[in-house]
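Everything quoted here is computed from the prediction, not taken from an experiment. Residue numbers start at 1 and run along the sequence shown.
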Amino acid sequence: EREQLEVTRRDFVANISHELRTPLTVIQGFLETFEDNPAEDTKLLTRGVKLMSDQSQRMNRLITDLLALSRLETSDAPPQEVVHMSRLIESVRVEAQALSTEKHNIDVHASADLKILGCEEEIRSALSNLVSNAVRYSPKGGTISIEWALIDQDPVFSCQDQGVGIAPEHISRLTERFYRVDKSRSQETGGTGLGLAIVKHILNRHNAKLEISSEPNKGSQFSIRFPKTIGSSK
């Protein structure tokens, strides 16, 4: 176990170093260019400022996700409260629509009477991660279907997209930190590689289960199955 922990630690340090090196290299490169030739090329200046801003935002997202993951791993389970899921899902839909900039159709079918016990802030983070991923990886004009209902007596949240899909060999590793099916596409869409790891930890704290079904070029469905013991509170 100690050896495995050391391997995990080394992998984590290597991954986080790699993730930070790229944006820092971009920022440093443009700063050095502007120091040598300050504002001589206005087009280069405009492009450079835009890229540096994008990369600094990327680092900020990465640090925010790392802090969230650390908090989930080290903190005690939060006090439970009644979570009005239909209201929460509507809030997540509004955020997703803003991220989409009207490029996708987002359909929601949520049972208004179906509530659960849990930490609303953490559950919001899990749902938001899944829905924002669906937006990022779906083509323009695609439909994202969100459902909240009882399935086999379990409260289940599901998010179905019409995106690029995922090959079977990748599915079991999706919740690993920094694991990406397509690294270039993930960077283009602003992903940190930590979103599904955060989802996994949140669900563990709620005794819930993440279920993934996907097929390349036909889209993916991510579902959260909450246990009966905290479900169907009305």
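- Of the possible donor and acceptor atoms, none in the side chain of S100 sits under 3.5 Å from a partner among the backbone N and O of A96.
- Looking at L150 and L114, their side chains come closer than 4.5 Å, going by heavy atoms from C-beta outward.
- Under the 4.5 Å side-chain heavy-atom criterion for Ile, Leu, Val, Met, Phe, Trp and Tyr, I171 and L210 are members of the same hydrophobic cluster.
- Every residue two or more places apart in sequence or in another chain that forms a salt bridge (Lys or Arg N to Asp or Glu O under 4.0 Å) with E122 is listed here: R205.
- The backbone N or O of M85 lies less than 3.5 Å from no partner atom in the side chain of W148, so there is not a single donor-acceptor pair.
- In this structure a side-chain-to-backbone donor-acceptor pair under 3.5 Å is present from T33 to G29.
- In terms of modelled atom types and a separation under 3.5 Å, the side chain of H206 and the main chain of C119 share a donor-acceptor contact.
- Side-chain atoms of Q162 come within 3.5 Å of backbone atoms of T143 as a donor-acceptor pair (strictly under, hydrogens ignored).
- Using a 4.5 Å cut-off on side-chain heavy atoms (C-beta onward), I198 and S125 make contact.
- When all heavy atoms are compared, the tightest approach of Q80 to L117 is OE1-CB, 3.8 Å.
- Counting all heavy atoms, side chain and backbone alike, I89 lies closest to A110 at CD1-CB, 4.3 Å.
- The salt bridge (Lys or Arg N to Asp or Glu O under 4.0 Å) check on E73 picks up R177, with sequence neighbours excluded.
- In this structure, CD in E81 is found 9.5 Å from CD in E121, a value given to the nearest 0.5 Å.
- Connection of V94 to V92 is not established within any shared hydrophobic cluster, with ILVMFWY side chains joined at heavy-atom distances below 4.5 Å, either directly or through further cluster members.
- Rounding to the nearest 0.5 angstrom, the gap separating the CG atom in N204 from the CG atom in L72 is 10.0 Å.
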(request) Evaluate the side chain to side chain contact (heavy atoms under 4.5 Å, CB included) criterion for residues E102 and Q97: first the C-alpha distance (whole Å), next the side-chain angles of each, then the deciding distance (0.1 Å), finally the verdict. (result) CA-CA 6 Å; E102 307 300 326; Q97 202 72 65; 3.7 Å; yes
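- Taking the side chain as every heavy atom from C-beta outward, L130 and L196 approach each other to under 4.5 Å.
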(message) Quick one, I144 with C159, criterion side chain to side chain contact (heavy atoms under 4.5 Å, CB included). Give me CA distance, side-chain angles, the key distance, then yes/no.
(response) CA-CA 7 Å; I144 297 164; C159 180; 3.8 Å; yes
(request) Check the pair E95, S91 against side chain to side chain contact (heavy atoms under 4.5 Å, CB included), reporting the backbone distance first and the verdict last. (result) CA-CA 6 Å; E95 293 172 0; S91 176; 4.0 Å; yes
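- Under 4.0 Å is where a charged nitrogen must lie from a carboxylate oxygen, and between E176 and K200 no such pair does.
- Remark: H84 NE2 to E120 CD distance equals 8.0 Å, nearest 0.5 Å.
- A chain of hydrophobic side-chain contacts below 4.5 Å, direct or via other Ile, Leu, Val, Met, Phe, Trp or Tyr residues, connects L20 to F30.
- Put simply, the side chain of S132 gets close to the backbone of S128: a donor and an acceptor are under 3.5 Å apart.
- The line from CD of Q160 to CG of D107 is 11.5 Å long, rounded to the nearest 0.5 Å.
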(message) Before you tell me yes or no, could you show the steps for N207 and F226 under side chain to side chain contact (heavy atoms under 4.5 Å, CB included), namely the whole-Å CA-CA distance, both residues' side-chain angles and the distance that decides it to 0.1 Å?
(response) CA-CA 7 Å; N207 295 316; F226 292 93; over 6 Å; no
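- Contact annotation: the side chain of N60 never approaches that of L62 to less than 4.5 Å [non-hydrogen atoms, C-beta and beyond].
- In plain terms, the two heavy atoms of F222 and I166 that are nearest each other are CZ-CD1, 4.0 Å.
- Remark: D154 engages R225, K228 in a salt bridge (Lys or Arg N to Asp or Glu O under 4.0 Å) (not counting sequence neighbours).
- S214 places a side-chain N or O within donor-acceptor distance of the main-chain N or O of G219, the cut-off being under 3.5 Å.
- The shortest distance between side-chain heavy atoms of I116 and V82 does not fall below 4.5 Å.
- Interatomic distance, OG1 of T74 versus NE2 of H201, reported as 10.5 Å (0.5 Å rounding).
- Checking side-chain atoms of S56 against main-chain N and O of S53 turns up a donor-acceptor pair under 3.5 Å.
- Here K50 pairs with D54 in a salt bridge; the nearest charged N to carboxylate O distance falls below 4.0 Å.
- Nearest approach of V156 to S223, heavy atoms of both residues: CG1-CB, 4.2 Å.
- Between R93 and E90 a salt bridge is recorded (basic side-chain N to carboxylate O distance below 4.0 Å).
- When every heavy atom of S86 is checked against every heavy atom of S111, the shortest pair comes out as CB-O, 3.9 Å.
- Atoms CG and CD1, from L51 and I27 in turn, are 10.0 Å apart once rounded to the nearest 0.5 Å.
- Transitive grouping of hydrophobic side chains (ILVMFWY, heavy atoms separated by less than 4.5 Å) brings L31 and L44 into a common cluster.
- When atom types are taken as modelled, the side chain of S138 and the backbone of V135 share no donor-acceptor pair closer than 3.5 angstrom.
- Smallest separation of non-hydrogen atoms from Y179 and H170: OH-ND1, 2.6 Å.
- In terms of modelled atom types and a separation under 3.5 Å, the side chain of D161 and the main chain of S220 share a donor-acceptor contact.
- Taking 4.5 Å as the limit, every side-chain heavy atom of Q55 sits out of range of all side-chain heavy atoms of L24.
- Between D65 and L67, every side-chain heavy-atom pair lies at or beyond the 4.5 Å cut-off.
- Side-chain contact check for I212 versus Q221: every heavy-atom pair is 4.5 Å or farther apart.
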